[in-house]
Amino acid sequence: MSSNEAHTEAHKVFRGTFIHSTHSAAVQVLRNAVLGLNRKGKICFIGGAHELESLSEAWHFKISDVRQLKQREFFMPGLVDTHIHAPQYRYTGTALDLPLLEWLNRYTFPVEMKYGDPKLAEDIYTKVVKRTLKNGTTTACYFATIHTDSSLLLGEIADKYGQRAQVGKVCMDTNDVVKAYKETTADSLQETERFVIELLKRKYAHVKPVITPRFVPSCSAKLLAQLGQMAIKYDLHIQSHISETTAEVDLVKNNFPANTSYTDVYNKHNLLTDKTVMAHGCHLTDEELEVFRSRGAAISHCPNSNISLCSGMLDVRRVLKHNVKLGLGTDVAGGYSPSMLDAIRRAVDTSKALTINNPGYETLTYQEIFRLATLGGSQALCLEDTIGNFEVGKDFDAVLVNPSVPDSPFDVFEDETEEIILEKFLNLGDDRNILKVYVAGKRVVPFKK
Ligand code: GUN
Ligand code: FE
């Protein structure tokens, strides 16, 4: 085989139904389609089944090698969790009775403190990576803790199980309540740089470091400024929290009186870039959203958390009207579910609650929310060129859904269209319907080990 032929060889070919989002269509169904992957797991062609013969000649595959999806099965893009705290998985599903700042002091900091122990980190991080993968999360943007070596372990575990991940060692040099859970400014900076250099050195194909100041109330101005510089120096992704509750916004106003807003604090410290994703943003003003848009920074909408901690309700429609990039996040454990299907449902609920308060509100459709959970997430994490939908040239990050497995939590009927079945799966489905998960063309669920 000449090198030219090798270049155009499809390594794996699937035939069946593919459902995804594009910029012009929130849900697009490709029926009886044929999709080819190259050796690197990138989509090299998409065509119709009527073109199968010419495709097999052009891409050098045998028609007998084509993997045919079963009746009713479909592929959808992998779900992108744009905000999740891996250590908090330990108590997810509990501790939902306090508002944010009290919740952090009472439940979160005492748990996160313990992750200096690598045994605990390995146990919980393995469980959260496997749990999220099983539920179709092909990409996760993780907060770890302040402990560098356990944070590196989270990167190692994501790589081992094949999840695409952005991993952040948490930075916090301020903590007036749980005083044992913070770093000195110098340690935070030094350890963050060690974390970044070590993680980059390991050259994991799909796991990258992300600069992670916890949020403004736990960081000094000096720490924020130096983290902003480090993000520039290494051209890194950035994540944090913003305007989750009004009490937090008031705290920031008091601590940073010279800044015009919460957003202004991050912006002035070079922490709002097109590689930034900020969780929540429930209480941002229109002026702040304009700053987000002009910087190309994104918001992670975490509806389960916002409801569970009674933080607020993000007006997603308003964010989208400002042309700010937006993805969905579970925010485990403020959000009690590690499944992005739950994030989709809670995003619908929040939009409907806003409609109850204001009957003229333009409620988000399930199709729009499906787009936010996939393509929107890829934009929020600055990965749109790599993942988010089934476009030629992108990595094949995908979930194979079978809506009619014997123990399916819902029923499908003869006359139902692919759109109806997708809607049922998003509202009623779970990991029993998720037969396989692929990241960059590699099957990662069922687990290999
Ligand atoms: N703000 C600062 N830290 C946290 C956290 O761990 N969870 C949530 N939901 N908000 C935060
Ligand atoms: Fe969070």
Side-chain angles (χ1 to χ4, degrees), residues 82-88 100-101 104-105 108-116 121 125 141-155 165-200 207-244 248 251-252 255-256 259 262-263 265-273 275-280 297 300 329 331 334 381:
T82 58
H83 184 79
I84 172 165
H85 297 262
Q88 296 173 21
L100 175 69
L101 300 173
L104 286 169
N105 292 327
T108 306
F109 297 148
V111 170
E112 288 194 14
M113 270 171 64
K114 298 181 182 156
Y115 280 74
Y125 291 168
C141 187
Y142 285 113
F143 277 57
T145 62
I146 65 172
H147 312 94
T148 307
D149 293 319
S150 321
S151 305
L152 288 166
L153 194 55
L154 176 56
Q166 295 179 356
V167 177
K169 173 219 161 299
V170 170
C171 297
M172 45 193 296
D173 64 354
T174 309
N175 190 340
D176 296 330
V177 178
V178 183
K179 293 189 173 16
Y181 190 51
K182 69 174 165 195
E183 318 149 285
T184 64
T185 312
D187 279 351
S188 186
L189 292 166
Q190 210 178 330
E191 285 296 294
T192 298
E193 195 155 27
R194 179 165 84 82
F195 171 76
V196 167
I197 290 170
E198 178 62 29
L199 197 60
L200 291 175
V207 177
K208 304 286 175 241
V210 41
I211 291 290
T212 306
R214 180 171 210 117
F215 67 157
V216 167
S218 63
C219 299
S220 65
K222 183 174 174 204
L223 179 58
L224 293 172
Q226 295 291 315
L227 290 174
Q229 289 308 312
M230 209 183 295
I232 294 170
K233 181 174 170 189
Y234 295 96
D235 188 24
L236 296 169
H237 292 267
I238 298 166
Q239 64 177 346
S240 191
H241 298 88
I242 194 165
S243 294
E244 183 174 357
E248 172 202 1
L251 206 55
V252 173
N255 294 352
F256 288 82
N259 288 93
Y262 199 158
T263 301
V265 178
Y266 287 127
N267 195 28
K268 292 281 159 59
H269 292 96
N270 295 303
L271 290 163
L272 268 198
T273 73
K275 293 172 98 171
T276 296
V277 60
M278 288 283 168
H280 306 290
S300 169
D331 195 25
L381 299 184

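Everything numeric in this text was worked out from a predicted model, so none of it was measured.
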Hey, does L272 have a side-chain heavy atom less than 4.5 Å from the side chain of M278? yes
Would you please test Y125 and V167 for side chain to side chain contact (heavy atoms under 4.5 Å, CB included) and show each step? CA-CA 12 Å; Y125 291 168; V167 177; over 6 Å; no
Grab the two heavy atoms, one from L236 and one from K275, that are nearest each other, plus how far apart they are. O-CB, 3.9 Å
Step by step, would you call E183 with K169 a salt bridge (charged side-chain N to carboxylate O under 4.0 Å, His left out)? CA-CA 12 Å; E183 318 149 285; K169 173 219 161 299; 2.4 Å; yes
List the atom of Y181, the atom of I146, and the distance in Å for their closest heavy-atom pair. OH-N, 3.3 Å
With ring centroids as reference points, do F143 and H241 lie under 6.0 angstrom apart? yes
Would you indicate whether the side-chain heavy atoms of S240 and L271 approach each other to under 4.5 Å? no
Closest contact, heavy atoms only, A144 versus V170: O-CG2, 3.4 Å
Between the side chains of E112 and R214, is the shortest nitrogen-to-carboxylate-oxygen separation below 4.0 Å, so that they form an ion pair? yes
From CG (D149) to CG (L153), nearest 0.5 Å: 9.0 Å
Could R194 and D187 be called an ion pair, given the rule that one side-chain N must be under 4.0 Å from one carboxylate O? no
Pairwise distance OH(Y266) to CD1(I242) - rounded to 0.5 angstrom: 6.0 Å
Could you tell me which residues satisfy side chain to side chain contact (heavy atoms under 4.5 Å, CB included) with N255, sequence neighbours excluded, listed by chain and number? L251
If you compare all heavy atoms of D173 against all heavy atoms of K182, which two are closest, and at what distance to 0.1 Å? O-CD, 3.8 Å
Roughly how far, to the nearest 0.5 Å, is CD1 of I211 from CG of L224? 11.5 Å
Measuring from atom SG of C141 to atom NZ of K208, what distance do you get when rounded to the nearest 0.5 angstrom? 13.5 Å
Locate the shortest heavy-atom distance separating L223 from S188; write the atom from each residue and the value. CD1-OG, 3.5 Å
Side chains of F109 and M172: closer than 4.5 Å at any heavy-atom pair? yes
Side-chain (Q239) to main-chain (A279) donor-acceptor, under 3.5 angstrom: no
With a 4.5 Å cut-off on side-chain heavy atoms, are P209 and L200 touching? yes
Is the backbone N or O of A121 less than 3.5 Å from a side-chain atom of S150, with the two atoms forming a donor-acceptor pair by type? no
Once you round to the nearest 0.5 Å, how far does NE2 of H237 lie from OG1 of T212? 11.5 Å
Using 0.5 Å steps for rounding, measure from the CZ atom of F256 to the NZ atom of K268. 12.5 Å
Are Q88 and T108 packed together at the side-chain level, in the sense that at least one heavy-atom pair is separated by less than 4.5 angstrom? yes
Closest contact, heavy atoms only, H83 versus S300: CB-OG, 3.2 Å
